[in-house]
Amino acid sequence: MIAFTLNGTPVTVDCPPTERLTEVLRDRLGRTGTKVGCDAGDCGACTVLIDGAQVCACLVPAARAEGRQIETVEARTPELERLRAAFLRHGAAQCGICTPGMLIAAADLLRRTPAPSEAEAAEALGGVLCRCTGYRRIIAAVCDTGETAVPVTEPGAVGAALPRVDGAAKVMGDSFGADDAPESALIVKALRSPHDHAAFRFGDLAAFAARPGVAGVYTADDIPGRNAFGAIPPFADQPAIAASPARFRGECVALVAFEPGAEADLSGFPVTWQPLPALMSPAAAEAPDAPAIHVNRPGNRLIEGKVARGDVVAALAASAHVVTGAMQTGFVEHAYIEPEAGAAWIDGEVLVIRACTQAPVMDRDETAVVLGLPPDRVRIIPAATGGGFGSKLDVSLQPLLGLVALKTGRPCRMTYSRPESMASTTKRHPAEMHGRIGCDAGGRITALEFEGRFDTGAYASWGPTVANRVPVHITGPYRTPHVHASARAVHTNGPVSGAFRGFGVPQGALWQETLYDRLAEKAGIDRLEFRILNALRDGDRTATGQHLASVGIGPCLEALRPHWARALADAATAPGRRGVGVASCWYGCGNTALPNPSTIRLGITAGGRLVLHQGAADIGQGANTVITQIAAEALGLPVAAFDLVGPDTALTPDAGKTSASRQTYVTGRAAQAAGAALRAAILRLVNAGDGAALALDGARLVVAEQDRRREIDLAALPEQAHGYVLVAEETYDPPTSALDAEGQGVPYAVYGYGAQIVELQVDPALGTVQLLKITAAHDVGRAINPALVLGQIEGGIAQGIGLALMEEYLPGRTENLHDYLIPTIGDVPEVESLILEVPDPEGPFGARGLGEHVLIPTAPAILNAIRHATGAEIGRVPALPHRVLEALGAAR
Amino acid sequence: MGSYARPSTLAEALNLMAPGDKRLLAGGTDLYPGAGTALSGDILDLTAVAGLSGLEPTAEGGVRIGACTTWTAIAEADLPPAFDALRAAARQVGGRQIQNAGTIGGNLCNASPAADGVPPLLALDARAELVSPRGTRLLPLADFITGPRKVALDRDEALAAVLIPAPALAGRSAFVKLGARAYLVISIAMVAARIVTEAGRVREAAVAVGACSAVARRLPAVEAALQGARPAEAAERIVPADVAAALAPIDDVRASAAYRAGAATELVRRAVTEALA
């Protein structure tokens with residue numbers, strides 16, 4: 001027995017002496033506030049205090065806890081209470097998975113240094129990774145010595161910087177997929193291919209299944225339905241469990257269910273591998289003699305997207321200036337701090353799966369197909385999701401858990417290890433891009449010609465979306481009369497490339513925005529003024545021929561003018577190789593030229609409970625809060641009056657997927673409509689005018705106008721649908737049109753815009769880059785919640801920094817968080833955000849999407865600043881020090 | 001499930017080590033990654049053994065650092081300026097969580113080519129104190145770490161301490177580490193330099209480079225070239241050929257070999273300049 005003090009209370013546990021302390025705390029003592037992100041000391045999510053000093057609990061043997069004081073996020077110490085309040089106030093928690101580690105590391109600091117500086121905070125928290133926030137809000141919260149939270153009394157809904165409505169759980173250690181499973185759940189482990197491409201044979205599976213502690217072994221032969229999932233149904237091709245051959249390293253080929261308490265050991269699993277030649281680049285996959293990875297896709301081409309308008313060849317020939325250039329990017333890992341996790345069980349006739357996700361209804365439908373069930377026999381309950389950024393749009397462990405629950409009739413659980421998560425889930429598409437852009441003597445862009453080849457990996461996933469989005473966005477938010485752009489997705493035996501914040505547009509922006517700098521130089525125009533000159537304006541047509549209204553890019557760029565002048569002056573006078581860069585973004589919100597409706601239900605019970613059925617998955621970005629604020633504004637009742645029923649396919653109508661920067665806009669419109677419809681129904685009941693004020697007072701709904709006050713006795717109203725006495729359900733689908741063969745049409749109803757300035761310093765001897773400041777101007781139409789807007793901007797910038805300077809996933813070589821580098825708390829400089837509000841006529845209260853936009857300008861602005869500082873032209877990201885130095889050598 | 005023991009005396013530990021079948025556990029920061037929910041094998045946890053933790057002066061006027069001394073303890077210790085490089089390295093090993101748990105002995109025994117502790121200790125002329133039931137022996141650090149992930153430990157032997165001889169306490173040292181991000185950096189390259197000056201000239205230079213060869217190396221040619229240099233001349237006396245002579249950098253996910261070779265010279269110049277400042 002091991003005895004120690006946990007958060008002030010003596011505890012004893014009986015466990016193996018070298019068991020990880022994380023296991024002891026979470027599994028044996030049920031304190032799941034401490035999170036596990038890597039089991040390797042790389043991420044800090046499991047940080048706890050032992051006798052007051054922060055350590056990674058995943059690296060501590062249980063026996064060493066003997067006699068010691070251990071504090072976790074569940075503790076109620078003064079430091080933690082102060083920090084919790086500050087984290088909520090500053091919006092320092094987004095998805096919440098790193099929050100316990102951050103809070104504990106900060107508590108360690110506050111005991112040593114009660115009023116820390118920013119540098120001290122960064123130093124103390126340097127061992128905890130966050131993928132959502134960009135760290136700036138976290139530093140602000142740690143340095144905020146305010147003793148008590150200022151109660152939020154703002155009555156307003158839309159436009160108020162309210163703390164997130166689900167924040168209290170996040171600062172106590174929220175319940176993620178790994179944190180809750182039924183008693184006696186089986187432990188599911190996947191056997192995965194160690195090869196990029198390999199045939200395989202199984203030996204005596206029955207003998208392995210008969211091992212003590214093994215409850216079952218399952219292979220592709222056990223899949224009862226169609227063993228092919230995929231986010232875009234016509235392209236669905238990915239087996240939940242592969243039959244031979246395995247097409248990429250990390251592909252699941254068998255499952256083993258272990259009894260709880262048994263050692264989940266896959267060693268000796270009867271499988272024989274026969275490695276096959278692997279196509280590890282699009283060039284190899286497009287070689288004339290290359291074998292087809294999928295027989296129905298000749299040339300290994302998944303799809304090609306195209307946009308053509310005008311006569312590019314003639315226009316380029318007539319241009320005063322033309323620049324030609326190429327750009328290359330690698331695989332980028334989402335690196336959310338929560339590896340995939342979940343549980344499944346059978347409830348009567350229904351298979352229930354509780355797991356991380358960005359898309360509960362898609363999970364339900366895809367899992368149902370794989371398992372041969374009607375969709376209404378699968379229920380998806382999203383757990384708190386510790387970051388997604390696109391990867392958790394695809395199913396991962398949902399069909400695997402479902403299969404084991406169906407086959408055994410028993411509850412089961414599964415948690416991916418960090419290497420398993422990195423090897424088996426999707427990546428950002430590597431891109432090889434080249435082309436030309438021209439302008440006239442006055443610097444006006446004339447034409448753009450672009451060809452992009454994207455490594456879509458072994459299966460389709462979101463490859464078609466990337467191929468279609470890139471040509472549409474390749475001009476950037478600039479008037480370009482003649483365009484010819486194509487992007488093709490090519491299969492390889494690399495990891496599956498899927499959705500990652502921006503769907504290929506960030507890669508395209510690296511190409512076009514670095515070329516625009518060179519074009520501006522040729523035309524002899526300041527780089528910011530060149531962009532302002534060419535910025536799309538109201539009434540302009542895009543490359544797809546769409547007429548735009550309420551275009552925000554001009555205002556964003558113009559807002560940056562004083563910052564640009566100041567930054568250039570600073571760079572010119574400061575010592576060292578200082579540089580300043582700028583880049584823009586635009587991004588269409590919602591599916592590309594395809595329907596993507598959202599439905600929101602609002603109801604009031606006879607007892608006076610106001611319920612919002614909010615089906616938009618909140619993976620940290622804040623949909624729970626934003627959708628509530630929009631509904632509250634439309635209905636006319638305060639945010640605090642709302643009771644949220646979270647995403648659950650059994651309880652919430654379909655609000656679509658959390659992707660394509662669509663939730664604030666599309667689900668927001670549905671919430672606005674539902675709020676307005678419920679309000680209209682209430683006003684009709686008492687024949688009140690539009691301006692009436694509503695208030696809930698227990699089971700009474702008070703409707704007040706200037707000179708009269710009506711009370712509705714809710715208990716006296718007849719029950720309507722879903723058990724409510726007042727109910728509204730509204731659906732919104734963006735008005736778009738299909739693109740024709742030339743890519744002409746209206747792919748999106750709403751676009752968002754932004755531009756960022758990066759200031760940096762290059763060490764010319766080592767090729768290292770130090771970021772000094774980023775100034776970000778984003779037109780969000782209407783900031784529904786300005787605090788959440790800031791969090792999105794800073795978090796997107798952090799991922800843009802990673803894309804530009806350090807992130808490159810190499811299968812088999814960077815399957816952990818110390819070889820795969822993401823920005824730490826010391827890598828994100830000061831961010832000054834300028835929030836612009838050019839109302840969008842289609843958005844709810846004028847709002848546009850933001851989530852992906854914010855990442856797009858950062859990386860190209862960094863490359864442009866490096867070139868400004870040194871003349872070095874970087875043709876491949878990440879701009880690791882050796883690549884920067886090489887480019888510097890070439891520039892000399 | 002293997003056995004686990006956490007003795008409090010060296011005698012007990014040596015007894016348990018005698019069969020030569022134990023996995024020695026210190027901070028755990030290198031043993032746990034890749035493990036399951038618990039460690040496999042028979043584990044001998046050395047962290048409670050008296051005399052294996054902490055820093056103390058030796059009878060000869062040097063410093064003994066117990067193998068189980070944590071990075072935080074080293075960073076916070078009151079030490080002469082010759083230890084500045086080691087203390088700086090201690091503050092850059094992983095995050096604070098790792099520094100609170102990870103030990104200097106574990107860092108050496110893990111023998112990663114990128115181990116941050118090695119160059120500063122090489123520059124301090126450190127020796128490894130090895131103990132076994134058969135007795136105690138001392139090895140120069142360069143002879144203790146024999147290759148990537150390889151150390152000269154017999155199966156029944158443990159690293160008890162690193163010993164810094166009295167003469168190495170002279171001078172000032174500096175540590176320069178190069179990586180692609182601010183914290184949690186696995187070095188692309190790192191350099192420790194300890195310089196002793198006399199009458200405005202370099203009397204003695206000890207320079208070591210890590211992550212640019214299978215094992216971190218001292219740079220004898222550079223050290224020789226620095227002899228007698230005035231501080232202002234030091235940087236120009238460091239020439240790429242002298243740096244390259246001792247190194248054999250490789251390509252990996254963090255940088256190319258050619259880059260490492262060039263960066264090493266620059267880092268050596270910076271470390272020497274800082275140690276002379």
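First the proteins, then the strands, lettered A, B, ... as listed; each starts at 1. Computation of the quantities below employed the complete heavy-atom set of this structure, encompassing side-chain atoms and omitting hydrogens, waters and symmetry-equivalent molecules.
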Enquirer: For chain B, which candidate among A:A122, A:P878, A:C58 shows the most heavy-atom pairs at distances under 4.5 Å?
Expert: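 Sorted descending by pairs with chain B, the first entry is A:A122.
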Enquirer: Against chain B, work out which of A:D27, A:L880, A:T47 has the most heavy-atom pairs shorter than 4.5 Å and name it.
Expert: A:T47
Enquirer: Measuring heavy-atom distances to chain B, does A:L885 have an atom under 4.5 Å in its side chain, in its backbone, in both, or in neither?
Expert: side chain
Enquirer: Taking the side chain as everything from C-beta on, heavy atoms only, tell me whether B:F175 gets closer than 4.5 Å to B:D116.
Expert: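 They are in contact (side-chain heavy atoms under 4.5 Å apart), so the answer is yes.
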Enquirer: Can you say whether A:V128 sits under 4.5 Å from chain B via the side chain, the backbone, both, or neither, judging by heavy atoms?
Expert: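 Both parts, heavy atoms under 4.5 Å.
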Enquirer: Mind ranking B:D252, B:L184, B:I186 by heavy-atom pairs under 4.5 Å with chain A and telling me who comes out on top?
Expert: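 So the answer, after comparing B:D252, B:L184, B:I186, is B:L184.
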Enquirer: Can you tell which part of A:D763 gets under 4.5 Å to a heavy atom of chain B, answering side chain, backbone, both or neither?
Expert: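 Contact with chain B involves the side chain of A:D763 alone.
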Enquirer: Can you say whether A:A264 sits under 4.5 Å from chain B via the side chain, the backbone, both, or neither, judging by heavy atoms?
Expert: neither
Enquirer: Can you tell me which portion of A:C15 sits under 4.5 Å from chain B's heavy atoms? Options are side chain, backbone, both or neither.
Expert: neither
Enquirer: Heavy-atom pairs under 4.5 Å with chain B - which of A:Q770, A:E886, A:R64, A:E23 has more of them than the others?
Expert: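 When all of A:Q770, A:E886, A:R64, A:E23 are compared, A:R64 has the most.
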Enquirer: Let me know if B:T265 has heavy atoms under 4.5 Å from chain A in its side chain, its backbone, both or neither.
Expert: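 Neither part; nothing is under 4.5 Å.
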Enquirer: Between B:I188 and chain A, with a heavy-atom cut-off of 4.5 Å, which part of the residue counts as in contact: side chain, backbone, both or neither?
Expert: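 For B:I188, the side chain is the part near chain A, not the backbone.
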Enquirer: Which one wins on heavy-atom pair count under 4.5 Å against chain A: B:A255, B:A189, B:G95, B:S40?
Expert: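 Greatest number of close heavy-atom pairs with chain A: B:A255.
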Enquirer: Report which part of B:A35 has an atom under 4.5 Å of a heavy atom belonging to chain A: side chain, backbone, both, or neither.
Expert: both
Enquirer: Are side-chain heavy atoms of A:L805 and A:L771 found at a separation under 4.5 Å?
Expert: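 When only atoms from C-beta onward are counted, A:L771 and A:L805 do touch, with a gap below 4.5 Å.
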Enquirer: Considering non-hydrogen atoms only, spot the tightest contact between A:L29 and A:F4 and give its length.
Expert: CD1-CZ, 3.8 Å
Enquirer: With side chains defined as the heavy atoms from C-beta onward, is the minimum distance between B:L86 and B:I104 less than 4.5 Å?
Expert: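 Yes, side chains in contact.
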Enquirer: Please lay out, stage by stage, how B:V209 and B:L267 fare under the test side-chain contact (heavy atoms from CB on, under 4.5 Å).
Expert: CA-CA 9 Å; B:V209 177; B:L267 295 173; over 6 Å; no
Enquirer: What I want to check is whether the side chains of B:D45 and B:T47 have a donor and an acceptor closer together than 3.5 Å.
Expert: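 Yes, side-chain donor-acceptor contact under 3.5 Å.
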Enquirer: What residue, out of A:A105, A:G101, A:P61, has the most heavy-atom pairs lying under 4.5 Å from chain B?
Expert: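 When all of A:A105, A:G101, A:P61 are compared, A:P61 has the most.
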Enquirer: Tell me, for B:R6 versus chain A, whether the close heavy atoms (under 4.5 Å) come from the side chain, the backbone, both or neither.
Expert: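 For B:R6, the contact with chain A is made by the side chain alone.
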Enquirer: Would you sort out whether B:N110 and B:S112 count as a side-chain hydrogen bond (donor to acceptor under 3.5 Å, both in side chains), showing the intermediate values?
Expert: CA-CA 6 Å; B:N110 187 53; B:S112 161; 5.2 Å; no
Enquirer: Tell me, for A:I822 versus chain B, whether the close heavy atoms (under 4.5 Å) come from the side chain, the backbone, both or neither.
Expert: both
Enquirer: Heavy atoms only, distances under 4.5 angstrom: which of B:A101, B:S256, B:G28, B:A263 has the most pairs with chain A? Name it, please.
Expert: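 It is B:S256.
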Enquirer: Is the closest side-chain heavy-atom distance between B:I195 and B:V272 below 4.5 Å?
Expert: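 Touching, per the 4.5 Å side-chain cut-off.
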Enquirer: Which bit of A:D39 comes within less than 4.5 Å of chain B, counting heavy atoms only: side chain, backbone, both or neither?
Expert: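 Answer is backbone: N, CA, C or O of A:D39 sit under 4.5 Å from chain B.
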Enquirer: Would A:L766 and B:Y259 count as a side-chain contact (heavy atoms from CB on, under 4.5 Å) if you check the C-alpha gap in whole Å, the side-chain angles of each, and the deciding distance to 0.1 Å?
Expert: CA-CA 8 Å; A:L766 295 173; B:Y259 172 81; 3.9 Å; yes
Enquirer: Side chain, backbone, both or neither: which part of B:R260 has a non-hydrogen atom closer than 4.5 Å to chain A?
Expert: neither
Enquirer: Could you walk me through whether A:V332 and A:Y820 pass the side-chain contact (heavy atoms from CB on, under 4.5 Å) test, one step at a time?
Expert: CA-CA 9 Å; A:V332 184; A:Y820 186 84; 3.2 Å; yes
Enquirer: Look at A:R111 together with A:E71 and state whether they make a salt bridge at an N to O cut-off of under 4.0 Å.
Expert: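 Result for this pair is yes, salt bridge flagged.
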Enquirer: Write down the atom of A:L59, the atom of B:P33, and the distance for their closest heavy-atom approach.
Expert: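 Between these two residues, the closest heavy atoms are CD2-CD, 4.0 Å.
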